[in-house]
Every structure is written in structure tokens, then in C-alpha cells.
Amino acid sequence: MVGPESEQLGILPLREALALAESQQLDLVEVSPTAVPPVCRIMDYGKFKYQQAKKQAEAKKKQIQVELKEVKLRPKTDTHDLEFKIKHVRRFLEEGNKAKITVVFRGREITHQELGMAALERITSELADIAVVEVRQKMEGRSMFMIVAPKVKK
């Protein structure tokens, strides 16, 4: 048996422990039911649950949600348009999100996969200062994609 100020009260019968908790207007909570004999504690259970909820809310507030943002382009995307897309990816990375860059091939463009590869290589070299490639160029059906993540700050 453990008291309200974490002091040891020794082994007590159940009725005596309940009476002691009731006299202090607190609850008798079983802390370790598998121990022999089971360990119980006198505490304000409502207050305890409230503090646990506050701790969880605080921990949840501190965690960050990383999203996967996507930018699509074609193998024949012009240089200015490509630079514009790179700016978007740079903004996503600065916000702490990951970016998926997809090159979509239509019709006969699929025969010139080296154009899509070159576009992804250019993006990789432009973003080398703030990004690290998480998934290298990969073909999936009629599209080629790669995933970049922000570099870890030291």
C-alpha cells in the first residue's frame, strides 16, 4: 500500500485500505495487480487522469506532421517552367515536408525515358543544398518519380 504522498503504508487488508482512502476523500487505485501482494495507491484518480490527458496533449502539440507534397511535370517541360516547379519543391522542403516529383509520360514519350531522367537529375542538383534524395528515380507504369526530403539541420 502506498499513501497519497508516495509513502509506504505496508500491507493492509482491503477493507482497511478502502476505509483509509475514504477517510482522506481519495480513491484506492490498484497500481500493480500482478505483484504478490497487489500494490495499491491512495490518490485522486480524477486529477491523475486529467494530468495524464494534459501530458498527452502537450506531447501531441510538440510533434510535427510531415506531409508528402507532389509536383508533376512532363519530359518536355521547358526550363522556365522547370525552375518554377523547383521553387515550389524548395518551399515544400523549407516547410519541413517531403516532396514527390513525378514525370508523366504520354504516348510515345515513354520511349525517351532519358528526358525524364535528365529532368529529375537537374532537380536533384538544384536542390542539393537543402534536400536529400530519399527514393531514387523509379518507373511506375507510365510515370517516373523520386522522393526528396529536407536535410537534417545540425
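Predicted model only: the values in this text are computed from it and were never measured. Side-chain atoms are counted along with the backbone in the values below, which use heavy atoms only and exclude waters and symmetry mates.
Distance check, rounded to the nearest 0.5 Å: OG of Ser143 to NZ of Lys100 gives 7.0 Å. A distance of 13.5 Å separates CD1 in Ile110 from CZ in Arg108, rounded to the nearest 0.5 Å. In this structure, CZ on Phe92 lies 10.0 Å from CG on Leu68, to the nearest 0.5 angstrom. Between Asp27 atom CG and Glu22 atom CD the span is 10.0 Å, to the nearest 0.5 Å. Between Leu14 atom CG and Cys40 atom SG the span is 7.5 Å, to the nearest 0.5 Å.
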Open item on the list: What verdict does the side-chain contact (heavy atoms from CB on, under 4.5 Å) test give for Lys98 and Val148, after you've listed the backbone C-alpha separation in whole Å, the side-chain angles of each residue and the deciding distance to 0.1 Å?
Closed with: CA-CA 6 Å; Lys98 294 181 183 181; Val148 291; over 6 Å; no

Open item on the list: Determine whether Met117 and Met144 satisfy the following criterion, side-chain contact (heavy atoms from CB on, under 4.5 Å), listing intermediate values before the conclusion.
Closed with: CA-CA 8 Å; Met117 202 64 110; Met144 181 184 292; 4.1 Å; yes

TODO: Report the C-alpha separation of Arg142 and Val104 in whole Å, then their side-chain angles, then the decisive distance to 0.1 Å, and conclude whether the side-chain contact (heavy atoms from CB on, under 4.5 Å) test is met.
DONE: CA-CA 6 Å; Arg142 290 191 148 280; Val104 182; 5.8 Å; no

Task: Audit row: Arg90, Glu83, salt bridge (charged side-chain N to carboxylate O under 4.0 Å, His left out) steps and yes/no - done: CA-CA 10 Å; Arg90 187 174 288 276; Glu83 289 169 7; over 6 Å; no

- [ ] In sequence, state the C-alpha distance, the side-chain angles, and the governing distance for Val135 and Phe145, and then conclude on side-chain contact (heavy atoms from CB on, under 4.5 Å).
- [x] CA-CA 8 Å; Val135 178; Phe145 73 95; 4.3 Å; yes

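Hydrophobic clustering places Leu28 together with Leu9 (ILVMFWY residues linked when any side-chain heavy atoms are closer than 4.5 Å, directly or through intermediates). Hydrophobic clustering (side-chain heavy atoms under 4.5 Å, transitive across Ile, Leu, Val, Met, Phe, Trp, Tyr) keeps Leu93 apart from Val132. Residues Leu26 and Met43 are members of separate hydrophobic clusters, defined by side-chain heavy-atom contacts under 4.5 angstrom among Ile, Leu, Val, Met, Phe, Trp and Tyr. Hydrophobic clustering (ILVMFWY, side-chain heavy atoms < 4.5 Å, transitive): Leu127 and Val133 are in one cluster. Following chains of ILVMFWY side-chain contacts shorter than 4.5 Å, one cannot reach Leu82 starting from Ile147, and the two form parts of different hydrophobic clusters.
Under the 4.5 Å side-chain criterion, counting only non-hydrogen atoms from C-beta, Gln56 is not in contact with Gln52. Counting heavy atoms from C-beta on, the side chains of Val71 and Ile123 never come closer than 4.5 Å. Within the 4.5 Å cutoff, side-chain heavy atoms of Met146 are placed close to those of Leu120. Under the 4.5 Å side-chain criterion, counting only non-hydrogen atoms from C-beta, Ile42 is in contact with Leu20. Taking the side chain as every heavy atom from C-beta outward, His112 and Pro75 never approach each other to under 4.5 Å.
A side-chain hydrogen bond (donor to acceptor under 3.5 Å, both in side chains) with Thr102 is found for one member of Arg74, Glu70, Glu140, Lys72 and no other, namely Glu70.
Between the side chains of Arg41 and Ser6, at least one donor N or O lies within less than 3.5 Å of an accepting N or O.
Between Phe105 and Gly116, the closest heavy-atom pair is CZ-CA, 4.0 Å. The two residues Val39 and Ala35 have their closest heavy-atom pair at CG2-CB, 4.1 Å.
Counting non-hydrogen atoms of neighbouring residues, nucleotides and ligands closer than 6.0 angstrom, the CD atom of Gln25 reaches no more than 12 such neighbours. The number of heavy atoms from other shown groups lying within 6.0 Å of CD (Glu121) is above 12.
The backbone N or O of Leu73 lies less than 3.5 Å from no partner atom in the side chain of Thr77, so there is not a single donor-acceptor pair. Judged purely by atom type and a 3.5 angstrom limit, Glu109 uses its side chain to pair as donor or acceptor with the backbone of Arg106. At distances below 3.5 Å, at least one donor-acceptor pair connects side-chain atoms of Asn97 with backbone N or O atoms of Glu67.
Using cut-offs of 30° and 60° on the angle between ring planes, the pair Phe84 and His88 is perpendicular.
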